[in-house]
Structure formats: C-alpha cells, structure tokens
Peer 1: 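Before we start, here is the structure in question, set down as structure tokens.
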Amino acid sequence: MKKLSVTMKLEMSIPDDWELVKTSTGVDVLKLPNNQFLDLTFEPLFATDPEDTWTSTDDEVFLNDVLDLVESEEVAYELKTN
C-alpha cells in the first residue's frame, strides 16, 4: 500500500461574532451565533469525471472505507483580529 500526504490550508474572513473556543478535550472549534459550533475537517468529495461537479457521497459504506484509510489528521486554528 502507498502513503499519501495531503496538506490543506484555508484562510477565511469570518464575522466578528464568531469565536474560537476549546472543547472539554482541548480541541479548538469555532463558536457561531445561536450556540452553533463549526469544525473544519477532511471531507471526501467524489465525481464521475474530474470536470464534473464534486459532491459528497450517499454511499456510507464507501465513505467509511475512505475515512478508515486516514491514519491521522491535524487541524490548527489561528484567529487574527485587525
């Protein structure tokens, strides 16, 4: 089996009322208005042609098979205020 490393970096302009908070286990997540929380993480997207629209899958078994291939995931948040 081969090893694949994927690096993703996002920069987002977010509303002033979004906050960075820690869960009870020390994981950073974003707190949104109305007591909603957002965690950004890996989500596999699929297409039948690389030029088509990419979407998540309804095939839960295949999705779980792909997610089971992930050995580790690291997400780091850095909140900068102007």
Peer 1: Using side chain to side chain contact (heavy atoms under 4.5 Å, CB included), reason through E73 and T41 one step at a time and then give a plain yes or no.
Peer 2: CA-CA 8 Å; E73 180 180 15; T41 188; 2.4 Å; yes
Peer 1: Identify the heavy atoms of A47 and T53 that sit nearest to each other, and give their distance.
Peer 2: CB-O, 3.8 Å
Peer 1: Just wondering, are more than 12 heavy atoms of other shown residues or ligands nearer than 6.0 Å to CZ in F62?
Peer 2: no
Peer 1: Please give the remaining members of the hydrophobic cluster of L32, linking ILVMFWY side chains under 4.5 Å, ordered by chain and number.
Peer 2: L10, M12, I14, W18, L20, L30, L38, L40, V75, Y77, L79
Peer 1: Looking at NZ of K31 and NZ of K22, how far apart are the two atoms once the value is rounded to the nearest 0.5 Å?
Peer 2: 15.5 Å
Peer 1: Is there a donor-acceptor pair under 3.5 Å between the side chain of D49 and the backbone N or O of E51?
Peer 2: yes
Peer 1: Kindly indicate whether the side chain of V21, heavy atoms from C-beta on, has any atom under 4.5 Å from the side chain of V29.
Peer 2: yes
Peer 1: Donor-acceptor pairs are to be reported for all side-chain atoms of residues 64-72 against protein atoms at under 3.5 Å, with residues two or more places apart or in another chain.
Peer 2:
| unit_1 | atom_1 | unit_2 | atom_2 | d |
| --- | --- | --- | --- | --- |
| N64 | ND2 | E60 | O | 3.1 |
| E71 | OE1 | K3 | NZ | 2.6 |
| E71 | OE2 | K3 | NZ | 2.8 |

Peer 1: Side-chain contact, heavy-atom cut-off 4.5 Å: L63 with S56?
Peer 2: no
Peer 1: Would you find more than 12 non-hydrogen atoms of other residues, nucleotides or ligands less than 6.0 Å from D52 atom CG?
Peer 2: yes
